[in-house]
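Below: one structure, written as structure tokens.
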Amino acid sequence: MENNEKAFLSVKNLVVEYTSSKQVIHAVNGVTFSLERGKTLGLVGETGAGKTTIAKSILRILPDPPAKIRSGEIWFDGQDLLKLSDDEMRRIRGARISMVFQDPMTALNPTMRVADQIADGIALHRGISKHEARHKAVDMLEMVEIPRFRARDYPHQFSGGMKQRVVIAIALACNPDLLLADEPTTALDVTIQAQVLALINELKKKNNTSMILITHDLGVVAETCDEVAVVYAGEIVEKGSVEEVFDHAVHPYTRGLFDSLPDMSSTGRLQPITGMMPDPSKLPEGCKFHPRCPYATESCKKDIKKLVKVSGTHYSCCSATINAAAKVREV
Amino acid sequence: MAQYVLKRILMIIPVVFLVAITIFTIMYFCPGDPAEIILGVGAAAEDIEALREQMGLNDPFLVQLGNYLYRTFIKFDFGTSYANSVPIIDELSHRFSKTFVLAISAIIIEVIVGIPLGMVSATHRGGWIDQLCMILALIGISVPSFWIGLQLLLIFSLKLSWLPPYGVTTWQGWILPIFVNSLRGIAQMARQARSSMLEVIRSDYVTTARAKGLPERTILFRYALPNALIPLVQTAGQSFGTSLGGTVIIENVFSIPGVGQYMVNAIVTRDYAVIRSAVVVLAIVFSLVMLLVDIAFGFIDPRIKAQYEGRNRKYKWRKKLRRVAANA
Amino acid sequence: MKRWLSLLLVLVMILALASCGDKKAGKDVEPTDSAQTAPKTSGPDAGDEGPEQQEPENKELVVGISTDPVSWEPWGAFNNGRKHLMHLVYQTLTAEIPDLVNGTTIRYYVLASGYEQIDDRTYEVYVREGIYDTAGNPFTAKDAVFSYSTAKAQGTLAQLNAIESLEVVDDYTFRMTTSRTLAVGDFEDILTGFNMVTQASYESSPDGMVTTPVGTTGYVLIDYVAGSHAVFEKADSYWNNAANESRSIEDGYCSTWDCTKLDKIRYEIITDPTTMTIALESGDIDISANVSSNDLQLFQDGGKLADKFDVFAHPENMYGISFNASKSSPTNNYNLRMALAHCVDPQGVLDATFDGSGIVLKAWAYPTFMDYQNKWDDQPYFEYDLDLAKEYLQKFYDETGTTADTLKLRLLTQSGPTTGKIAEAVQAYIVTLVDNPTCVEILSFDRGTYNSMWMDENAFDILLIYGQTANRTYCTYAWNSYANAAKLQHKNDVWHSGDEKVQELLNAAISVKTHSDETVSDFQQYINDQAYIKNLMCGDVYVVGKSWIGGLEDCIGPKDCLAIMALDYDWSKSDK
């Protein structure tokens, strides 16, 4: 287990379950990672891997009756967030950690004016009057390139991209230290995507904000992230800096991801990873990827893999691809 | 908004007109002869004929329809009941006020009691409050009103002598009928409020609000409640509409001379004049109530208000200004 | 958990509803006997010293009725509320009251003192002297003529269409000429059926006395709230004070219900039968004629409240089954009609619908009618005999080729709780006879549709027919109403028989000249021979009053109203 003293955010062995009346869904199964100030971590993985759950756990906004954080620690600037009281946590939310959500169409309150939605957080955390907060809110809007005169409009009067920008304004209104961005551009079209990403980056740089960017788009990761962690079935299977992982991917799943990217130069068939992610209520024994892994062995079905250092800050819980390549070379 | 309201009020006129024509036509084709009923069994054929002539029942359909529409809408004369000489408008207004009181009080109580009940249920989902509220709601919807009315009468009138067993001449007389009338409405409203609230609580914008670190109270009242109320306004309006005509049972059990009893009696005795007038009056009241509901909608949900006013008028106007300013 | 809970609640509800319904507990009680013995009279006229001191200042009675009278006009349409109240407001020229104890009808002269038939279509009526109404206006023959003319002009009162002209002869005599010869009892109906007002009072009323009635009784309407209550107070003076002195008809003046022994009467309008019972129990009302039969056990001997209340049974309507004898119906066949007539047990129907309280009828008439032939009581009348019925049914099958599976009968009835039960009971008997559960279909409609349907020969096979009892004087009234082809709209009798003999015998019976025991029994005999109709029974309805109210056997007044003035009040025992 690594011990990164400089870490601003450090998640240790996080386990999260969803309990419904019939079954237990293991959403997050012992996740450990850390993040330094001002850096961006990309959390990559297929839909349903547990990325959003990890982010929501940090903020502790998981829906409480079904979801339960079973164990783990989330160290943020010297405090374990999981041990804070509700009041203390509330003071952190929005002020020191904030989140940008996936679907802009439903993320805003339809019955409140846009400026008010930004202002109420500001008024709360900065302790200033509503009036002043509204001024600041309008400034925020301008920062995300929405004209001032639209401040008193309602969300339904904006397009999808503009709505997302409002969401970003809300998230950054109080200058948080950590921004959790959950697939912020997935619901938008490609041209707007680029704009929004650029905006996020700019604002982030201005305030030295750390960011966790959740996405399934490897291209976006390459553009904006410093570090990356690959999530599969609620576990991190490989992590490191973007160069380390992208250029020297070691885990069979990561390799599979890269291999499945369409290559515009060739005209061969696409190479997806066979099979589907396992049902989180019935996870397989041993390595969770073994049913789909081309390199699986007998021990894979029984032994639980742990993260092992590969080089520098590059960790992976399985290096079968290297061994296989070595074997090939041997032969 | 004012324009919209005006438009809607004007639209009530053709609606009521159509209702009058429809009810007239339906009654025209109903079997059963009012002249025969007035004169009784075994009346001589020529007497029945003579009365039909006198009542104008032998005129062709269009002539009768024309006369009726002319009398009702131009002279505003609702006429007298076929059975007696009491002018219908007097009788109707007298009875209508009672039914109206029942219906309005039911709405008020439903909203005041039902919505908070539902909200509390939703916010304590799965807890004992939720279970209790939902059981009460189930009882409220399942129990027939005449049964609960009579049971309460037995307890409060007979055993305890606190309340009068019939009539609404004193204010105590109103307590039981209003309570019993609201029961079903409260139950329905509570269930609706609960499910609406549950849906809203799980919605993304509430999660956003939570992620902002807002206190639960603010989230409940500024984010959840206004959105949860939107479908409830519709429910309240519909409930009022049905209760206007549907208080027959309560009126019967508690001996309240309301519109419900009046109409049922008129239908059995084929008192066309009463039926038609009552239906027209009900149509007018119902339309007005629906208009109020829609106006309330407009105030709660800005999206709907925008629909009423025509899309983005303010925005277009401001955009124009901006362009002018930019060019200047 | 929710599912079990809902099931439990449904069970609870069913149990509660069931317990609200019929309690078969005190079934062997005979209410008619217990109430009609020992008249509890120790009224104020007992002539003693004692009771006088205990009489309250204000003798007030509270009555519960089930329908709102709506309008107080003298010649408005019948409704159940008006039935009970009108006798306190207006008087008529004569009145006919059924004497249930002796099985006859008594005729009283109220505002009239006598009449004479001058010729076929002219009658002379004599008006009493000294009558005045509560406004002080005197009532004379010209007011009687005014009343009839104004009522006739309304056009809604069928019987008055027969009047061609009215003529005032002098202050106390007038003549009436009719446009056609009247049937038996029709003229008497004109004298008893229409309220009298003085011209002066009627014309000074702004709305035809709809809200401000003025009549010749000893009471004035002082308060009326529509749908809620009506209050009457004794007038300052009453023309018929003699009625307070004597209760005997022989004195020629009064009738048992016509005095003014009460100071105030309050009528409470209670629409729901269970609420009526609760009001009686809680003491809010003292007496009611609209108590539901379900709750009667409470008040009868052995019931919870029996010591505080008395019950009096009086006849409701008579019910019978009448057959469609036209070609379009299987009941066209005589054997089928006989089979159906013999398979229904009237006592059984009575048991099923009125808890056995009432009488079985032996003719298309009720025993108090003045022309009821006593010999009918001793004759067999379609006796209940299932084997005999089966024989007739077999003959029907043989003649027509119909079988138990192909026989389909439609039983038409007016919708309502009582008629519904009767129809089901009749259906059950026929089903037992034919041994086919689907052979009888009940068609139940509201009054208006029912009336138009029985005149359509294609609409029904068996008709559940009903007729009034206490409010009628002659058998011929019902016969005329249903069987007079000349009068009815479809120009046939209720059996669609086209049978001329029926018309011949009917005309003989209803004509004033030829109405006699013979013609009446001939008609009844003929329709029995043809098995056109079997009258079944007449059930009882009840008046329930506090036990300090006596004389309930006289409580049926004009037009079947609850004649509260005829009762005896022991004020010392009341809680006033």
Side-chain angles (χ1 to χ4, degrees), chain A residues 21 52 55-56 58-66 86-113 116-118 120-125 147-150 152-158 166-167 170-171 173-174 176 180 182, chain B residues 122-127 130 198-230 233 297-307 309-326:
Chain A
S21 55
T52 308
K56 284 192 174 168
I58 296 176
L59 257 186
R60 280 173 58 182
I61 54 172
L62 289 168
D64 193 88
D86 282 335
D87 276 332
E88 292 169 328
M89 195 63 216
R90 231 177 278 135
R91 258 174 269 147
I92 293 190
R93 279 190 214 125
R96 305 202 60 203
I97 310 179
S98 66
M99 190 155 169
V100 172
F101 292 91
Q102 181 169 344
D103 185 0
M105 305 305 281
T106 54
L108 295 171
N109 183 352
T111 59
M112 259 174 98
R113 293 179 211 273
D116 292 332
Q117 296 194 44
I118 305 175
D120 60 7
I122 301 178
L124 175 72
H125 292 294
R148 298 185 78 89
F149 67 84
R150 304 228 41 198
R152 286 178 58 74
D153 283 345
Y154 286 94
H156 67 271
Q157 291 165 281
F158 292 86
V166 172
V167 173
I170 293 177
C174 301
L180 306 167
D182 188 355
Chain B
T123 48
H124 294 90
R125 184 186 199 206
D130 184 19
L198 279 179
E199 217 182 284
V200 161
I201 280 186
R202 303 242 166 273
S203 61
D204 287 344
Y205 50 84
V206 168
T207 315
T208 310
R210 232 175 244 139
K212 280 195 271 188
L214 293 173
E216 279 302 310
R217 264 193 86 233
T218 312
I219 297 182
L220 194 65
F221 286 104
R222 287 282 286 164
Y223 284 78
L225 195 59
N227 286 290
L229 280 182
I230 294 173
V233 175
F297 255 137
F299 278 114
I300 294 184
D301 190 349
R303 289 170 289 192
I304 302 216
K305 190 171 188 183
Q307 256 183 355
E309 293 173 344
R311 295 205 164 278
N312 296 336
R313 269 211 204 126
K314 265 198 304 198
Y315 176 46
K316 287 196 185 119
W317 178 77
R318 290 217 181 118
K319 203 172 178 189
K320 236 193 206 154
L321 261 186
R322 191 164 168 256
R323 235 183 279 143
V324 164

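All values below come from the heavy atoms of this structure, side chains included, with hydrogens, waters and symmetry mates left out. Chain naming here is simple, since letters A, B, ... match the order of the sequence lines and numbering starts at 1 in each.
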Give a yes or no on whether B:Arg202 atom CZ has more than 12 heavy-atom contacts from other residues, nucleotides or ligands under 6.0 Å away.
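More than 12 within 6.0 Å, yes.
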
Does CD belonging to A:Glu88 count more than 12 external heavy atoms closer than 6.0 Å?
yes

Between the main-chain N or O of B:Arg222 and the side-chain N or O of A:Asn109, is there a donor-acceptor pair closer than 3.5 Å?
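Yes: the side chain of A:Asn109 pairs with the backbone of B:Arg222.
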
Can any side-chain N or O of B:Thr208 pair as donor or acceptor with the backbone N or O of A:Ala107 at less than 3.5 Å?
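Yes, B:Thr208 side chain to A:Ala107 backbone: donor-acceptor pair under 3.5 Å.
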
I'd like to know whether B:Thr207 forms a side-chain contact (heavy atoms from CB on, under 4.5 Å) with A:Phe101, so could you lay out the CA-CA distance, the side-chain angles of the two residues, the decisive distance to 0.1 Å, and finally the verdict.
CA-CA 9 Å; B:Thr207 315; A:Phe101 292 91; 3.9 Å; yes

[X] versus [Y], closest heavy-atom pair with distance:
{"X": "B:Gly213", "Y": "A:His125", "value": "CA-NE2, 4.3 Å"}
{"X": "B:Arg210", "Y": "A:Arg93", "value": "O-CD, 3.2 Å"}
{"X": "B:Ala211", "Y": "A:Met99", "value": "CB-CB, 4.5 Å"}

Just so I understand: if I count every heavy-atom pair under 4.5 Å between each of A:Leu108, A:Ile97, A:Thr111 and chain B, which residue has the most?
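Ranked by contacts with chain B, first place is A:Thr111.
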
B:Lys212 and A:Asp120 ion-paired at < 4.0 Å
yes

Report which part of A:Ile170 has an atom under 4.5 Å of a heavy atom belonging to chain B: side chain, backbone, both, or neither.
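Side chain only.
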
Applying a strict 4.5 Å limit to non-hydrogen atoms, the region of A:Gln102 in contact with chain B is neither

So do the side chains of B:Asn227 and A:Pro110 get within less than 4.5 Å of each other, counting heavy atoms only?
yes

Please round to the nearest 0.5 Å and tell me the distance separating atom CD of A:Gln117 and atom OH of B:Tyr205.
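Nearest 0.5 Å value for the CD-OH distance: 10.0 Å.
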
